[in-house]
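Structure first, then comments.
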4 protein chains.
Amino acid sequence: MAKQKKGSPPGRIKIMKALSELMKKKDFHSITTSGIAAEAGVTEGLIYKYFKDKKDLLYQVLKQHFEAFQEKIEETTQGESSSLDKLALVIRCSIESYAANRVFARILLLEVRSSPDYFKCAAYDMVKRYAKTILEIIRQGQVSGEISRDVDPHAFRQVILGSIEHACLKEVIFGSEIDTDRVSERISRILFKGVQP
Amino acid sequence: MAKQKKGSPPGRIKIMKALSELMKKKDFHSITTSGIAAEAGVTEGLIYKYFKDKKDLLYQVLKQHFEAFQEKIEETTQGESSSLDKLALVIRCSIESYAANRVFARILLLEVRSSPDYFKCAAYDMVKRYAKTILEIIRQGQVSGEISRDVDPHAFRQVILGSIEHACLKEVIFGSEIDTDRVSERISRILFKGVQP
Amino acid sequence: MAKQKKGSPPGRIKIMKALSELMKKKDFHSITTSGIAAEAGVTEGLIYKYFKDKKDLLYQVLKQHFEAFQEKIEETTQGESSSLDKLALVIRCSIESYAANRVFARILLLEVRSSPDYFKCAAYDMVKRYAKTILEIIRQGQVSGEISRDVDPHAFRQVILGSIEHACLKEVIFGSEIDTDRVSERISRILFKGVQP
Amino acid sequence: MAKQKKGSPPGRIKIMKALSELMKKKDFHSITTSGIAAEAGVTEGLIYKYFKDKKDLLYQVLKQHFEAFQEKIEETTQGESSSLDKLALVIRCSIESYAANRVFARILLLEVRSSPDYFKCAAYDMVKRYAKTILEIIRQGQVSGEISRDVDPHAFRQVILGSIEHACLKEVIFGSEIDTDRVSERISRILFKGVQP
DNA sequence: CATGAATGAGACTTCATTCAT
DNA sequence: GATGAATGAAGTCTCATTCAT
């Protein structure tokens, strides 16, 4: 119900599923439209009925994954009142999502970034919203006194995002397991308290 | 003298330079061998005399950039005795390199990571060495008491690398300027002291 | 009706015909895919929709020719009861086919034999069937007493096949005419009765 | 001494040997000049110092092999006075040569025949001489009464050559062993006495 | 006697994409 | 709602060959 818009014709759904499926194993560039069609059990032509082009298809798939992600992030942080706890939750939840959803991670971390037109697509808008959410939490933390005023919010956000991504990158690339709990705790520990004794 | 091995035939050098040049503007996938040849002023065939294929050429270029980078890192940190100062220098120097050398940054941050065979190439070996250097500095810091023992060295390294990369990513993608000093200082500030007041 | 399976798309048929046509004048290696496409009046890409590669196309064409050939051989020998007469017919019919169908002869006698993968393709299976047919006729002849028991069937088959091929080779190479009747009669005469007075 | 002309420069010899060597495993078309140069331990350019082109090199190698072959045939048949015995010896000797010298066999049976310019090269002259020798023996046999007058000499020669070649073809292609004695005896048996009881 | 750098033509192949049905 | 035939542009790569040194 949350996964596909109700009115979606079967072919459209099959095609998106097919790309998702193929991206578990291969990178986008080595996936061909004919491969997608074969996996979906439809003809190549049909892809162009529903998507402007191959990249558009990718962005649609990404957006679909992202909606679920964003929803979860917002749900999770809602109840929490402490800013640092919220951030810890965002970190945890992001890593969890990457871990649980390799395709999403692959696309986001490795595929789309190199094409300039990604930054104009609908899916990127959601990334911006996600980033904005984090920035707001940081600012709240500074207002409430949980976070030091001499920390630059943008820099902090960068460090958070970078840490999350780098933590997942290797496992996404090599397909290894991610120990979500350990990884996210360690990151939070370092970022919040620093490394000095 | 440091840039090319003297024995290299002129054509080889021209080809590598041509790819470097083209990567300032386009991503690797949209660069064609015929484009490279044209830019280098040689014939397409010559590329395959010196490089196994287009990817091999990319890795050679990357490796060449990396050698300069690695050299600089080692030079820079040599004189320093404090571990945290060394790490701050590594961060600064890395960001500086990315900032000064967009091609290198593009390749490393956006292009190669999605191809599995990159991780088997010679250039990746240098990445590993770079990463190892950082890990060793962290461990020295723990021995000397500068860095808290309850910080996991691998996690800390991940946070460092992630922060560096993410800090540069946007500017590399959009071609904007990086204020090396400010960015690196802020990162070090957060990572070393944490964000709590 | 016997020539192409009705389901074949027009492009596929045109391509196969084009190769057949071109092979009348040139050898396979000097025929290019672009030449084939031009002759067929389709685009080069279409070749690869229907055939794995250029060689696959060749083998398909060969197989098609072979099916007609095999059919004819079987038809021809059906009515005959004497083994030697059957063999004479096989010889005659084979030479006739080579004579009437230079393309087929060229491919079989000169082109495919040097590529190891020909011997794994479907067309070669038909050659084996043809050879088997001959062997069986020989054995029947020995059973019926027409052919001496101290003649080795395999050796005899070799001699038959070799004689047929060599008889046609020169004319295939130089494009000269073959006097089917005379050639086949002479071969049968020698093979059956020997050369001693 | 018989193998190379005395004055041959070392490079020339190395190149010819290299091609011979490579042809033991691969067919001529898939052997590249660069492969030849590598095997010979010289540079590609040198090939064109000594040979007009790649094909010329092939013909030179063939000719060299052929000289040894021709010499042996003539030696062998010299002493014999009976025509049929001479022919039996030619058959035996030819098969023996093919068996012992796969490269020679490969070139002659599989490679050169499809190029029209082979028939203008020096090596082909030797083939003609060999064929002529056989024809003369057959005619002598008819004069002496050993061979029936109603056998056409050309047809008989064709049968002989075809039988020899076909007998060796499979083993040359697949690299299997040839039992020279058995094969040649069986062929002579059939050709001379026929197959009727 | 030989090298090594470079060429150039073209080969095969791939793929996203379109359009009539 | 979907098919299937066809396109066309480009892309990577191969290889025989030449020539200055």
- Counting just side-chain N and O atoms, does D/T43 come under 4.0 Å of either OP1 or OP2 of E/dG4?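 No, no such contact exists.
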- Task: May I ask you to check whether over 12 heavy atoms, not counting those of D/K52, lie within 6.0 Å of atom NZ?
- Result: no
What does [X] touch in the nucleic acid at a heavy-atom separation under 4.0 angstrom: a base, only the sugar-phosphate, or nothing?
{"X": "D/I36", "value": "nothing"}
{"X": "B/Y50", "value": "sugar-phosphate"}
{"X": "B/T32", "value": "sugar-phosphate"}
{"X": "A/L57", "value": "nothing"}
{"X": "A/G11", "value": "sugar-phosphate"}

Rounded to whole angstroms, how far apart are [atom1] on [X] and [atom2] on [N]?
{"X": "D/F51", "N": "F/dT18", "atom1": "CZ", "atom2": "P", "answer": "15 Å"}
{"X": "D/L46", "N": "E/dT3", "atom1": "CG", "atom2": "P", "answer": "6 Å"}
{"X": "C/E44", "N": "E/dT14", "atom1": "CD", "atom2": "C1'", "answer": "11 Å"}
{"X": "B/I47", "N": "E/dG8", "atom1": "CD1", "atom2": "P", "answer": "14 Å"}

- Separation between OG1 of A/T33 and CD1 of A/I47, rounded to the nearest 0.5 Å: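 That separation rounds to 5.5 Å.
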- Message: Quick check: on DNA chain F, is the nucleotide nearest B/S30 upstream (toward 5') of the one nearest C/K14, or the reverse? Name the residue that is more 5'.
- Response: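 Looking at the nearest nucleotide for each, C/K14 comes out on the 5' side.
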- Message: Can you work out whether B/K52 or C/G45 has the more 5'-proximal nearest nucleotide on DNA chain F?
- Response: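 The answer here is C/G45.
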Give the nucleotide from the list [options] with an atom nearest to the side chain of [X].
{"X": "D/K54", "options": "F/dT17, F/dA6, F/dT12", "result": "F/dT17"}
{"X": "C/K49", "options": "F/dT3, F/dA6, F/dT12", "result": "F/dA6"}
{"X": "B/P10", "options": "F/dA6, F/dC13, E/dA5", "result": "E/dA5"}
{"X": "C/Y48", "options": "E/dT17, F/dA16, E/dT13", "result": "E/dT13"}

- Could you label the plane-to-plane angle of the A/Y124 and A/Y118 rings as parallel, tilted or perpendicular, counting under 30° as parallel and over 60° as perpendicular?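 Rings of A/Y124 and A/Y118: perpendicular, over 60°.
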- Do A/K54 and A/F28 meet the cation-pi criteria used here (NZ or CZ under 6.0 Å from the six-membered ring centre, within 45° of the axis)? yes
- Take A/H29 and C/D53, find for each the nucleotide of DNA chain E with the closest heavy atom, and name the residue whose nucleotide sits nearer the 5' end. C/D53
- Between D/V42 and C/I31, whichever has its closest DNA chain E nucleotide further toward 5' is D/V42
- Using Watson-Crick or G-U wobble geometry with both distances below 3.5 Å, tell me the partner of E/dA20, or none. F/dT3
- For E/dC12, which nucleotide in any strand shown is its Watson-Crick or wobble partner with both distances under 3.5 Å? F/dG11
- Do side-chain atoms of B/R113 reach the backbone of B/L108 as a donor and acceptor pair under 3.5 angstrom?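 Side chain of B/R113 to backbone of B/L108, a donor-acceptor pair under 3.5 Å: yes, one is there.
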